[in-house]
Colleague: 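Before anything else, here's the structure in question.
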Amino acid sequence: MHSYRSHTCGQLRKSNVGESVKLSGWVHRKRDHGGVLFIDLRDTHGLTQVVAEGNAELEKIRAESVITIEGEVVNRAEGTTNAKMPTGEIEVVVKSVTVQSHAEVIPFQVAEDDGAGEDVRLKYRYLDLRREGMHSRVRLRNNVIAAMRRRMWAEGFQEFNTPILTASSPEGARDYLVPSRLHPGKFYALPQAPQQFKQLLMMSGFDRYFQIAPCFRDEDGRADRLAEFYQLDMEMSFVEQEDIFRVMTGVIGGIFEEFADFTGEKRRVEFLPNMKYADAMNTYGSDKPDLRNPLVLCDVTDVFKRDDVTFNAFKGVIEKGGVVKAIRAPKVADRPRSFFDKLNDWARGEGAVGLGYITVKDGVGAGPIAKFVPAEAQGQLNKIAGLEEGDAIFFICDKEDKALKFAGRARDKICDDMDIREKGVYKLFWIVDFPMYEFDEKAQKIDFSHNPFSMPQGGLDALNGPDPLKVLATQYDCVCNGYELASGGIRNHRPDIMERAFAIAGYSKDVLEKKFGGMLNAFRYGAPPHGGCAFGVDRIVMLLADEPNLREVYAFVMNGQYEDPMMNAPSDITEAQLKDLHLKLNLPKKVEAA
RNA sequence: GCGGGUGUAGUUCAGUUGGUUAGAACGCUUCCCUGUCACGGAAGAGGUCGCGGGUUCGAGUCCCGUCACUCGCGCCA
C-alpha cells in the first residue's frame, strides 16, 4: 500500500464504496460530537469527510495539522449527504491515523475568509495560500501562463531566456542594481524588460521570439504595480503594426475568452477598433480609458471665453493659456445636492479648486455657476456638450495637459458615483499613434515620451521636419477596462534614424554608443525590420480573477513598501559581505538614528 | 517626496458629550454531547487601546509629534 495516499481528497465517489483507502491532508474543520468525530480532510484537490469513533488522537488534533488516515469508503446514510461537496455522497471511516505534523494555533482562519489584513496574510503567506481564494487564483495564474505558451508555440514562436544580470540602462525607470564582486565599483542591473535582448534575437535571425519574462523596476508601487512582475514578452521580424495586432489580439483575446468564467459568471469579451492616442486623451482624458464608462469629455473653452459669460475664475486661467474641459452626466439634475457636494469634496481632496457644474432644469441652466452663463451662452454649451433636459455638466479648467488628466479621473469618479459602469465585459482595444517626443517642463527640453527604440512614423524625413513634437511613433498600447495590458512598437532598426532620433532628445552620438553600443552595432550588420510588445501577465490574471490588486494573484509577493514580511527582505548584510563587494554604506540620518 | 484612510484581544470589528472594571463575533483552553458539515451546549483565559508627549480631577476618546499599513498623486522612457 502507498505510504501516504491511495487517493486525493477530491477523488472518492460512490463507485469507491467498500474500498480500503489511504488519505493524507490538512485538518480543515473538525466537528466533535463526543462519541463520533467528523473531520473535513483537505488537500489541493478537495475535501473529504472522515469519521472516527473514540479516537483520542484525533479528538486532540488542531486545525491545519497534517494527518494520514487509513479507512474504508462508505455510503453516507440518507439525509446526511452533502450536495455542496463533490465527495459529499461518501465518507471514510477511520481505522488508523498517523499524525504527520501538529499545527500550532493559526494566526487567522484557513477554512474561511475572516477578512485578515494584508500584513498578517503576507507574513504567513503559506497559510493564506491554503485558503480557497488564493489557492484558486494562483492556479488560474498557472493555467493562464500555460495557455500563453500553448498559444504562442502554436503561432510558431520560440521561447528564449534572457539574462537577469545585465547592464543598467540610462532611460526609463530606476534599475535594481547588483554590485559586482569581481569588478570593484561596477554593477549589474536587473532588467526592466528584455528589450534589447529580444531585438538582438531578431538580429540573430530568429523571427518569432517570446518569453514569460521577469521584469524589475525600482519605482514606488500601486495596487496594479509591483517591483517585480512578469510579462508575456514577444517580438517578430518582417512585420508591420497590424501583423503584431493580428497575432496578439488572437492570443490574448483567446485567453480572455478561455478564462472569462473563472469567477463563476461568464463575462463577454469585446474587441473594439484601434484608438488614436490623441483621441483617447481628448475624449477620455487618459491613455488607458475604461470604455465600460460611457462618459466622454468635450471642450467648452469657447463658451467661457464669451464676453457675456462672466465666470472670472475660469476667464483668468483661459487668459493664461488654459482650457475648460467638460463632462456631460446624463439625467442627474434631480440628484440631491449631496451628490454634487461629494464630487466637489473629492475634487478638492485631489488638489483641484473644485468641480464646477451646471444642471439643466426646465430648459434653463441651474446650480451655483449658472448665473454667470446667460441663456445664449447656455445654448452654445448645450450644443457642444449635447446637453438635454435633466442632464448635468461638470467643468475642469486648467492648462490643457493638467485639465485633460484631471478630467479623465473625474470622468471615472462621476461614473462610479452614478453607478453606470458596464458590468460583465472585457473591452479590449489598441491605442496607436503615440507621440515620439514630449516637452519636459522640468528639464526644459524635448525628450522621448515613450520607447526611444520605436520607429518614428515617416522615418528620417519626419525627424528632419520642423516640429519634432508633432512626430508620431510606431508605438502602441493594449488597453482593457482601464488597465494598460501591453506596450509595444515597431522598432527603429536603422542606425542613421536612431542617431537622429536621439540627437533630437539631446543625446550625443557618444552617449548613444556608450549606452546602446551593443545593439547599435548589431544594427550595422544587417537588421530586419521588426517589432513586438509585452503583456503584463499579472494584470491579465487580475482582470480574469476580478481582483483590484496584483497581490491577490501572486503566490509570494512584497507589500506596498516593497518589503517581504515573511522572508524579511530587504535585510541587512554583514560587514564581510560589504567588504567582498567593495561597498561602504552612506545612510540617511533618519535611518541611522533608528 | 506629497495627500486621503486606517491602527482597540490571535483575527475581524464596536466603543456615545472626556467619566464605573474597555465590549462583541470568530478563534483558543477545559468540560458535556453518536450524524455533523459555519455542529450544538456550559465555563474560562486572553488588552502596552501603534508609540511618545501634552491638556484635564479624569484620555481608547481632545491637542501636538511620530511610526506602521493601505489607497492615490508625483515617479513608472
Side-chain angles (χ1 to χ4, degrees), chain A residues 28-41 47-54 59-60 62-64 74 76-85 87-88 91 93 104-124 127-128 169-175 192-193 195 215-227 229 345-346 348-352 402 405-406 409 412-413 434-438 440 442 446-454 473 475 484 487 489 501-502 505 507 515-516 548-549 551 559-561 563 565 590 593-594:
Chain A
H28 186 68
R29 275 206 178 90
K30 203 175 94 181
R31 294 176 293 278
D32 187 347
H33 289 252
V36 63
L37 167 69
F38 300 97
I39 285 176
D40 293 334
L41 195 64
L47 289 170
T48 299
Q49 174 165 283
V50 302
V51 198
E53 288 185 22
E59 277 163 22
K60 278 186 304 190
R62 260 199 212 108
E64 295 308 311
V74 301
R76 291 208 201 176
E78 205 175 319
T80 65
T81 57
N82 187 341
K84 283 184 270 180
M85 299 168 78
T87 60
E91 62 193 5
V93 177
E104 293 184 14
V105 176
I106 48 181
F108 52 82
Q109 294 315 107
V110 169
E112 61 196 275
D113 181 3
D114 60 0
E118 216 167 69
D119 274 25
V120 70
R121 287 175 56 202
L122 288 180
K123 183 165 180 189
Y124 302 95
L127 292 179
D128 192 31
S169 76
E171 296 295 318
R174 267 183 219 102
D175 286 317
Q192 297 178 27
Q195 180 69 31
C215 304
F216 308 85
R217 291 179 192 173
D218 186 9
E219 297 291 348
D220 290 4
R222 291 285 185 281
D224 67 341
R225 224 168 66 193
L226 298 171
F229 55 98
D345 289 347
W346 168 82
R348 272 192 286 267
E350 297 294 316
K402 279 190 178 169
K405 227 172 160 180
F406 189 69
R409 295 176 57 208
D412 265 321
K413 174 68 180 162
F434 278 82
M436 186 82 191
Y437 300 101
E438 66 192 4
D440 183 342
K442 229 190 274 171
I446 288 176
D447 208 344
F448 293 109
S449 75
H450 288 85
N451 189 324
F453 303 117
S454 54
Q475 165 89 37
E484 178 192 312
S487 206
F502 274 80
Y507 299 96
K515 296 299 180 186
F516 306 111
N549 194 310
R551 290 188 280 264
N559 68 15
Q561 319 303 312
E563 296 162 316
K590 212 168 152 186

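Just so it is clear: chains get the letters A, B, ... in the order the sequence lines come, proteins before strands, and each one is counted from 1.
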Colleague: Less than 4.5 Å apart, any side-chain heavy atom of A/D440 and any of A/F448?
Modeller: no

Colleague: If B/U66 has a Watson-Crick or G-U wobble mate with both distances under 3.5 Å, name it; if not, just say none.
Modeller: B/G50

Colleague: Given atom NZ of A/K413 and atom P of B/G4, what is their separation to the nearest angstrom?
Modeller: 16 Å

Colleague: Nearest to the side chain of A/R217, which nucleotide is it out of B/C37, B/U34, B/C76?
Modeller: B/C76

Colleague: Within the structure shown, what part of the strands sits under 4.0 Å from A/G117 by heavy-atom distance: base, sugar-phosphate, or nothing?
Modeller: sugar-phosphate

Colleague: Between A/L127 (CG) and B/U11 (C1'), how many Å, whole number?
Modeller: 13 Å

Colleague: Is the shortest side-chain N to carboxylate O distance from A/R348 to A/D345 below 4.0 Å?
Modeller: yes

Colleague: Starting at CG of A/D32 and ending at P of B/U34, how long is that distance when rounded to a whole Å?
Modeller: 10 Å

Colleague: Are side-chain heavy atoms of A/D119 and A/N559 found at a separation under 4.5 Å?
Modeller: no

Colleague: B/G53 and B/G74: how far apart are their P atoms, nearest whole angstrom?
Modeller: 39 Å

Colleague: Which whole number of Å gives the distance between the P atom of B/C57 and that of B/A14?
Modeller: 32 Å

Colleague: Just to be sure I understand the rule, does A/R62 reach a base, reach only the sugar-phosphate, or reach nothing, if contact means heavy atoms closer than 4.0 Å?
Modeller: sugar-phosphate

Colleague: Mind calculating the distance between CZ (A/R76) and P (B/U36) to the nearest angstrom?
Modeller: 11 Å

Colleague: In whole angstroms, how far is the C1' atom of B/C39 from the CD1 atom of A/I39?
Modeller: 14 Å

Colleague: For every nucleotide of nucleotides 69-75 of chain B, 5' to 3': is a protein heavy atom under 4.0 Å from its base (B), only from its sugar-phosphate (S), or from neither (-)?
Modeller: SBSSBBB

Colleague: For RNA chain B, whose closest nucleotide is more 5', that of A/P107 or that of A/H33?
Modeller: A/P107

Colleague: Using only modelled atom types and a 3.5 angstrom limit, is any donor from either the side chain of A/E78 or the base of B/G35 paired with an acceptor on the other?
Modeller: no

Colleague: Considering only heavy atoms from C-beta outward, does the side chain of A/R551 approach that of A/L226 to under 4.5 Å?
Modeller: yes

Colleague: From NZ of A/K30 over to P of B/C33, roughly how many Å is that when rounded to an integer?
Modeller: 16 Å

Colleague: Can you give me the closest heavy-atom contact between A/D220 and A/R225, atom names plus distance?
Modeller: O-NH2, 2.6 Å

Colleague: A/D40 and salt bridge (Lys or Arg N to Asp or Glu O under 4.0 Å): which partner among A/R29, A/K84, A/R31, A/K30?
Modeller: A/R31

Colleague: Starting at atom CD of A/E112, determine the distance to atom P of B/A25, rounded to an integer number of angstrom.
Modeller: 15 Å

Colleague: Mind checking the CH2-CZ spacing from A/W346 to A/R409? Nearest 0.5 Å is all I need.
Modeller: 5.5 Å

Colleague: Hey, does A/R31 reach any base, or is it just sugar-phosphate, or nothing, if we go heavy atoms under 4.0 Å?
Modeller: base

Colleague: Name the nucleic acid region contacted by A/Q109, choosing base, sugar-phosphate or nothing; use a 4.0 angstrom heavy-atom cut-off, strictly under.
Modeller: sugar-phosphate

Colleague: Which base sits across from B/C57 as a Watson-Crick or G-U pair, both distances under 3.5 Å?
Modeller: B/G19

Colleague: Would you say whether A/F108 stacks on B/U11? The test is a distance between ring centres of less than 5.5 Å and an angle between planes of less than 30°.
Modeller: no

Colleague: Could you pick out which residue, A/D114 or A/K84, lies toward the 5' side of RNA chain B when each is mapped onto its nearest nucleotide?
Modeller: A/D114

Colleague: Is A/R121 salt-bridged to A/D128, cutoff N-O under 4.0 Å?
Modeller: yes

Colleague: Using the P atom as the reference point in each nucleotide, state the distance between B/C32 and B/A68 in Å, no decimals.
Modeller: 50 Å

Colleague: Using the C1' atoms only, state how far B/G58 lies from B/U17, rounded to an integer number of Å.
Modeller: 15 Å

Colleague: Does any nucleotide pair with B/G3 by Watson-Crick or G-U wobble geometry, both distances under 3.5 Å, and what is it?
Modeller: B/C71

Colleague: Answer yes or no: side-chain N or O of A/N82 and base N or O of B/C37 forming a donor-acceptor pair under 3.5 Å.
Modeller: yes

Colleague: In whole Å, what separates the P atom of B/G1 from that of B/G19?
Modeller: 38 Å

Colleague: For the C1' atoms, the ones on B/G7 and on B/U12, what distance do you get once it is rounded to whole angstrom?
Modeller: 13 Å

Colleague: Please report the distance separating the P of B/A9 from the corresponding atom of B/G50, rounded so that it comes out in whole Å.
Modeller: 8 Å

Colleague: Heavy atoms under 4.0 Å, any strand shown: does A/T87 hit a base, just sugar-phosphate, or nothing?
Modeller: nothing

Colleague: Among all residues two or more places apart in sequence or in another chain, which pass the side chain to side chain contact (heavy atoms under 4.5 Å, CB included) test with A/T80?
Modeller: A/R76, A/A77

Colleague: When you compare B/U29 with B/C13, how far apart are their P atoms, in angstrom units rounded to a whole number?
Modeller: 24 Å

Colleague: Between A/E438 (CD) and B/C76 (C1'), how many Å, whole number?
Modeller: 12 Å

